[in-house]
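Accompanying notes for the structure given below.
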Amino acid sequence: GKRLGFLTGHEMPAMLEAHAQSVMLLGKPFKTVPADAPSPNFDFGAVNLPSQIQAHVPTMIKLRLRPPPTPIYSLHRRLSGTILLCTKLKATINSSALFWDIYKAHHERKADIAKLSAQDWK
């Protein structure tokens with residue numbers, strides 16, 4: 001949180017706990033699913049992440065020492081909207097696989113760009 005600009009390092013323990021719990025909740029749909037799980041899909045309707053995350057918002061708003069950085073805030077709004085929509089639709093999605101596919105593709109593109117840049121310097 002501090003490296004991304006969310007936290008100053010002077011927050012109260014209650015703020016740190018609320019921040020950590022919210023981050024863990026936001027990551028729930030994307031965690032790796034065990035191979036022996038009955039389904040790889042995350043059931044947004046059954047888990048109801050928005051209400052769980054909402055429980056931490058008053059603490060974070062009251063105790064935060066700085067607002068979130070604008071680019072991160074924008075990303076969080078999009079992610080929150082997507083999670084809310086999935087919850088309303090009671091969607092079951094293999095969001096972990098989607099996340100890791102995108103993650104791998106992003107890092108492969110970065111590696112390809114680095115190789116091309118290195119070739120330009122030869």
Side-chain angles (χ1 to χ4, degrees):
K2 189 174 176 185
R3 192 173 68 185
L4 292 175
F6 278 100
L7 306 172
T8 66
H10 302 287
E11 283 77 13
M12 296 177 69
M15 169 58 185
L16 296 174
E17 181 63 22
H19 179 76
Q21 289 300 317
S22 294
V23 169
M24 295 301 290
L25 287 166
L26 278 172
K28 253 184 165 180
F30 309 108
K31 81 176 192 183
T32 304
V33 179
D36 62 347
S39 169
N41 294 341
F42 186 82
D43 188 344
F44 284 89
V47 176
N48 198 359
L49 285 176
S51 65
Q52 292 181 49
I53 294 167
Q54 181 62 33
H56 299 288
V57 171
T59 301
M60 290 188 289
I61 289 174
K62 181 179 175 186
L63 298 178
R64 75 179 181 197
L65 299 178
R66 71 165 67 147
T70 302
I72 304 287
Y73 183 70
S74 178
L75 176 63
H76 278 207
R77 287 182 57 121
R78 289 182 181 132
L79 186 56
S80 296
T82 302
I83 288 172
L84 182 59
L85 179 63
C86 288
T87 300
K88 294 280 185 193
L89 295 174
K90 297 182 182 348
T92 57
I93 302 169
N94 190 344
S95 44
S96 176
L98 289 172
F99 172 81
W100 289 109
D101 288 348
I102 292 167
Y103 179 86
K104 287 177 203 165
H106 171 72
H107 283 281
E108 287 170 3
R109 277 194 303 275
K110 279 178 63 176
D112 290 345
I113 291 169
K115 285 178 192 173
L116 289 173
S117 295
Q119 289 173 358
D120 289 342
W121 292 99
K122 289 183 181 179

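- The closest side-chain heavy-atom distance from Glu17 to Thr59 is not below 4.5 Å.
- Within the 3.5 Å criterion, the main-chain N or O of Thr70 finds no donor-acceptor partner in the side chain of Ser74.
- Here the shortest heavy-atom pairing between Ser96 and Thr32 reads OG-CA, 3.5 Å.
- Here the straight-line distance linking atom CZ of Arg64 with atom OG1 of Thr8 works out to 12.5 Å at 0.5 Å rounding.
- Note: His19 NE2 to Lys2 NZ = 12.5 Å, rounded to the nearest 0.5 Å.
- Crowding of Arg78 atom CZ: a count of heavy atoms from other residues, nucleotides or ligands under 6.0 Å not exceeding 12.
- Classified by interplanar angle (parallel below 30°, tilted 30° to 60°, perpendicular above 60°), the ring pair His107/Tyr103 is tilted.
- Closest approach of Pro29 to Ser95, counting heavy atoms only: O-OG, 2.6 Å.
- Linking ILVMFWY residues whenever their side-chain heavy atoms come closer than 4.5 Å, directly or via other members, leaves Leu63 and Leu25 in distinct clusters.
- Side-chain contact between Pro68 and His76 is absent, with no heavy atoms from C-beta onward closer than 4.5 Å.
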Let's go through Ser39 and Thr92 carefully: what are the C-alpha distance in whole Å and the side-chain angles of both, what is the deciding distance for side chain to side chain contact (heavy atoms under 4.5 Å, CB included) to 0.1 Å, and is it a yes or a no?
CA-CA 10 Å; Ser39 169; Thr92 57; over 6 Å; no
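- Among all heavy-atom pairs drawn from Pro58 and Ala55, the shortest one is CD-O, 3.8 Å.
- Here the CE atom belonging to Met15 is positioned 10.0 Å from the CD1 atom belonging to Ile61, to the nearest 0.5 angstrom.
- Residues Lys28 and Val47 approach most closely at NZ-CG1, 4.4 Å, considering heavy atoms.
- One distance of note links CD of Gln54 with CG of Asn48; it measures 11.0 Å at 0.5 Å rounding.
- There is a path of hydrophobic side-chain contacts, each under 4.5 Å, that joins Met12 to Val57.
- Panel note: side chain Asn41, backbone Asn94; a donor-acceptor pair is recorded below 3.5 Å.
- Among all heavy-atom pairs drawn from Ser22 and His56, the shortest one is OG-CB, 3.3 Å.
- Expressed to the nearest 0.5 Å, how far CG of Leu49 lies from OG1 of Thr87 amounts to 6.0 Å.
- Under the 4.5 Å side-chain heavy-atom criterion for grouping Ile, Leu, Val, Met, Phe, Trp and Tyr, Ile53 is not connected to Met60 through any hydrophobic cluster.
- Each of Tyr73 and Leu75 belongs to its own hydrophobic cluster when Ile, Leu, Val, Met, Phe, Trp and Tyr are linked at side-chain heavy-atom distances under 4.5 angstrom.
- In this structure, the separation between CG on Leu98 and CZ on Phe42 is 13.5 Å, given to the nearest 0.5 Å.
- Met24 and Leu79 sit in two unconnected hydrophobic clusters of ILVMFWY residues. Membership requires side-chain heavy atoms under 4.5 Å apart, directly or through other members.
- Formation of a donor-acceptor pair under 3.5 Å by the Glu11 side chain with backbone atoms of Gly9 is found in this model.
- When all heavy atoms of Phe30 and Trp100 are compared, the pair lying nearest together is O-NE1, 3.5 Å.
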